[in-house]
Amino acid sequence: MKKKIAFITGITGQDGSLLAKLLLNKNYIVHGIKRRASSFNTKRIDSIYQDHQNKSKRLILHYGDLTDSLSLYDLLNKIKPDEIYNLGAQSHVAISFINPEYTTNVDGIGNLRLLDAISKLKFKKSVKFFQASTSEMYGNQKKTLNEDSIFEPVSPYASAKLLAYWNTKIYRQAYGIFASNGIMFNHESSQRGENFISKKTTKAVAEISLGLRDILYVGNLNSYRDWGYAGDYVEAMWKIMQYKKPDDFVIATNKTHSVRRFIEIAFKRVGIKIIWKGKGINEVGFEKKSKKILVKVDKIYFRPNEVEYLKGNYSKINKLIGWKPKMTFEKLVNKMVDYDLKKLKNK
Ligand code: NAP
Ligand code: GDD
């Protein structure tokens, strides 16, 4: 049987690397674009790298960028993928306030470049397209969110992603392209970027417990996120692409936890009980036993606009596709702390 061919943007990122592994295990041929960088940016996929000279290789990397229309068209035309996963993005919400134009170009127009390229391909009717949409598009509604909830983005990242979300729907309707949105709530893993709160916390906790660092500096302790496991979410992406028709699906856990709770659980894993004292930017977290201050708030990590509360409802994907998250929140935090501890101990 002919092997399926996948094309992944963002293959060097958290989700892209996990998805590439999943698809290789399913016997796909996987193509991905990596950006030119002055130092290697492929560490998340080094374990699955296959030499260019290997005739039967199933992982093939190309230089590419979501800001470069013609090269995207060229690659798609040559590779003729069955499935395209658009995971490439400037994915940090706070940084989108600092680099708004770039974020809009990559996250918003990048999606349009791909969709428009697909619409001009002879085989457009046989290609499937997945767009990595985000719960950030909902903004600040403080209620449980599903596919029928309205969107009220509050950051350049979220508005760029909303542009991509709508164009995915528009190209589905206008050209009959199989184009689906996964509206994903936060998902983490040991492979998470180090400036997201989950990884930043678990890495700092591991370092503090080994005496390699004194303090974890954070921003808003009181925001809530619906945190799931990235391994479960890439499974959902693949399942959405195997569904009989294109559609839009929330991918979430139906639960929400505060940043404060995340930090408490991470410290608990290394035997430290955190007690909070003070208010606002003067709040600190100290170790109950030693009274040492281990967590401090720094206003540099606050955003000009904050999404205070996110909680999704995954009923639709569960009912139509049979997907549900497998990993619990506590297990996820523990797994991330354990990974960071092991990595430091093996250094
Ligand atoms: P990530 O770890 O930040 O990975 C982003 C990927 O995009 C990296 O491979 C990055 O390349 C690549 N990229 C950045 N700019 C690019 C450009 N101009 N052209 C081509 N590629 C570019 O993000 P993630 O957590 O895996 O998330 C994957 C996708 O899901 C993103 O679109 C994100 O916005 C979306 N999403 C994520 C979550 C979540 O909680 N993780 C939730 C909802 C939606 P480098 O490695 O070279 O930087
Ligand atoms: N990054 C970071 N660093 N966030 C902090 C910090 C800190 O020091 N202190 C508190 N926070 C708070 C943020 O203000 C936010 O409310 C929450 O922790 C989560 O922040 P991030 O981990 O940076 O993730 P995010 O929710 O902004 O965005 C992630 O999830 C989106 C889906 O909801 C990213 O993965 C996006 O790409 C994704 O679309």
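Both ligands and their constituent atoms are indexed starting at 1 by order of listing. When reading the values below, keep in mind they use all heavy atoms of this one structure, side chains included, and skip hydrogens, waters and symmetry mates.
Nearest protein neighbour of atom 40 (O) of ligand 1, counting heavy atoms only, is His187 N, 2.9 Å. Nearest protein neighbour of atom 30 (O) of ligand 1, counting heavy atoms only, is Ala132 CB, 3.3 Å. For atom 19 (N) of ligand 1, the closest heavy atom belonging to the protein is Leu66 N, 2.8 Å. The protein atom (non-hydrogen) at minimum distance from atom 5 (C) of ligand 1 is Ala89 O, 3.6 Å. Ranking protein heavy atoms by distance to atom 16 (O) of ligand 2, first place goes to Ser223 OG, 2.6 Å. Taking atom 11 (O) of ligand 1 as the reference point, the nearest protein heavy-atom neighbour is Thr12 OG1, 3.3 Å. With hydrogens left out, the protein atom closest to atom 2 (O) of ligand 1 is Gln14 N, 3.0 Å, a heavy atom. For atom 3 (O) of ligand 1, the closest non-hydrogen atom of the protein is Ser91 OG, 2.6 Å. For atom 31 (C) of ligand 1, the closest non-hydrogen atom of the protein is Leu87 O, 3.1 Å.
Each of the atoms 40 (O) of ligand 1 lies under 4.0 Å from some heavy atom of Asn186. Listed by number with element, the atoms of ligand 1 under 4.0 Å from a non-hydrogen atom of Thr134 are 43 (C), 44 (C). In summary, the atoms of ligand 2 found under 4.0 Å from a heavy atom of Glu306, numbered by their order in the structure, are 13 (C), 14 (O), 15 (C), 16 (O). The contact set between ligand 1 and Val106, taken as ligand atoms under 4.0 Å from a residue heavy atom, comprises 15 (N), 16 (C), 17 (C), 18 (N). Each of the atoms 43 (C), 44 (C) of ligand 1 lies under 4.0 Å from some heavy atom of Ser133. The contact set between ligand 1 and Asn41, taken as ligand atoms under 4.0 Å from a residue heavy atom, comprises 47 (O). Near Tyr102, with a cut-off below 4.0 Å to any heavy atom, the atoms of ligand 1 are 15 (N), 18 (N).
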Original post:
Is there a side-chain contact (heavy atoms from CB on, under 4.5 Å) between Glu83 and Lys4 once you walk through the steps?
Top reply: CA-CA 8 Å; Glu83 297 172 9; Lys4 275 198 185 167; 3.5 Å; yes
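Between Asn181 and Asp248, the side chains place a donor N or O and an acceptor N or O closer than 3.5 Å (distance only, hydrogens not considered). Between the side chains of Asn41 and Ser39, no donor-acceptor pair of N or O atoms lies under 3.5 Å. Side-chain contact annotation: Thr42 with Asp46, donor-acceptor N/O pair under 3.5 Å present. In this model, no donor atom of one side chain and acceptor atom of the other lie less than 3.5 Å apart for Gln90 and Ser96. Counted by atom type alone, Asp82 and Ser126 present zero donor-acceptor pairs between their side chains at under 3.5 Å.
Counting heavy atoms of neighbouring residues, nucleotides and ligands inside a 6.0 Å radius, atom CD of Glu101 does not exceed 12 of them. The neighbour count for Lys21 NZ, taken as heavy atoms of other residues, nucleotides or ligands under 6.0 Å away, is above 12.
Centroid-to-centroid, the aromatic rings of Tyr233 and Trp323 come within less than 6.0 Å. With ring centers used as reference points, His257 lies 6.0 Å or more from Phe262.
When all heavy atoms are compared, the tightest approach of Ala236 to Ile317 is CB-CD1, 4.0 Å. The shortest non-hydrogen separation linking Lys161 to Ala132 is NZ-O, 2.9 Å.
When heavy-atom distances to ligand 2 are checked against a 4.0 Å cut-off, Glu308 has no atom that comes that close, whether in backbone or side chain. At a heavy-atom cutoff of 4.0 Å, ligand 2 is contacted by both the backbone and the side chain of Ile197. Residue contacts with ligand 1, taken as heavy atom pairs separated by less than 4.0 Å, do not involve Glu136 at all. Residue-level proximity to ligand 2 for Lys161 is absent, since no heavy atom of it falls below 4.0 angstrom. With a 4.0 Å heavy-atom cut-off, ligand 2 is reached by the backbone of Val218 and by its side chain too. Contacts between Phe185 and ligand 1, counted as non-hydrogen atom pairs separated by less than 4.0 Å, involve the backbone only. For Leu310, every heavy-atom contact with ligand 2 shorter than 4.0 Å involves the side chain, none the backbone. Contacts between Tyr301 and ligand 2 below 4.0 angstrom, taking non-hydrogen atoms only, involve the side chain exclusively.
Of the options Lys200, Arg192, Arg260, Gln90, the smallest heavy-atom separation from atom 3 (N) of ligand 2 is shown by Lys200. Of the candidates Ala89, Gly312, Ser91, Ala252, Ser91 brings a heavy atom nearest to atom 37 (O) of ligand 2.
Remark: ligand 1 and Lys161 share an N or O pair separated by less than 3.5 Å (distance only, no angle test). Checked by distance only, ligand 1 and Gly13 come closer than 3.5 Å through their nitrogen or oxygen atoms. Annotation: Thr67 places no N or O atom under 3.5 Å from an N or O atom of ligand 1; distance criterion only. The N/O atoms of Tyr157, backbone and side chain alike, include one that comes under 3.5 Å of an N/O atom in ligand 1. Between Ser135 and ligand 1, no pair of N/O atoms sits closer than 3.5 Å. Between Arg44 and ligand 1, no pair of N/O atoms sits closer than 3.5 Å.
Between His187 and the choices Asp226, Asp15, Asp232, the side-chain hydrogen bond (donor to acceptor under 3.5 Å, both in side chains) rule is met once, by Asp15. Here the rule is side-chain hydrogen bond (donor to acceptor under 3.5 Å, both in side chains) with Arg113, and of Asn86, Thr67, Asn105, Asp68 only Asn105 fits it.
A cation-pi arrangement is not found for Lys291 relative to Phe286, the charged atom failing to lie both closer than 6.0 Å to the ring centre and inside a 45° cone about the ring normal.
Between the side chain of Thr328 and the main chain of Lys331, a donor-acceptor pair closer than 3.5 Å is present.
Residue Tyr157 places a heavy atom under 4.0 Å from ligand 2.
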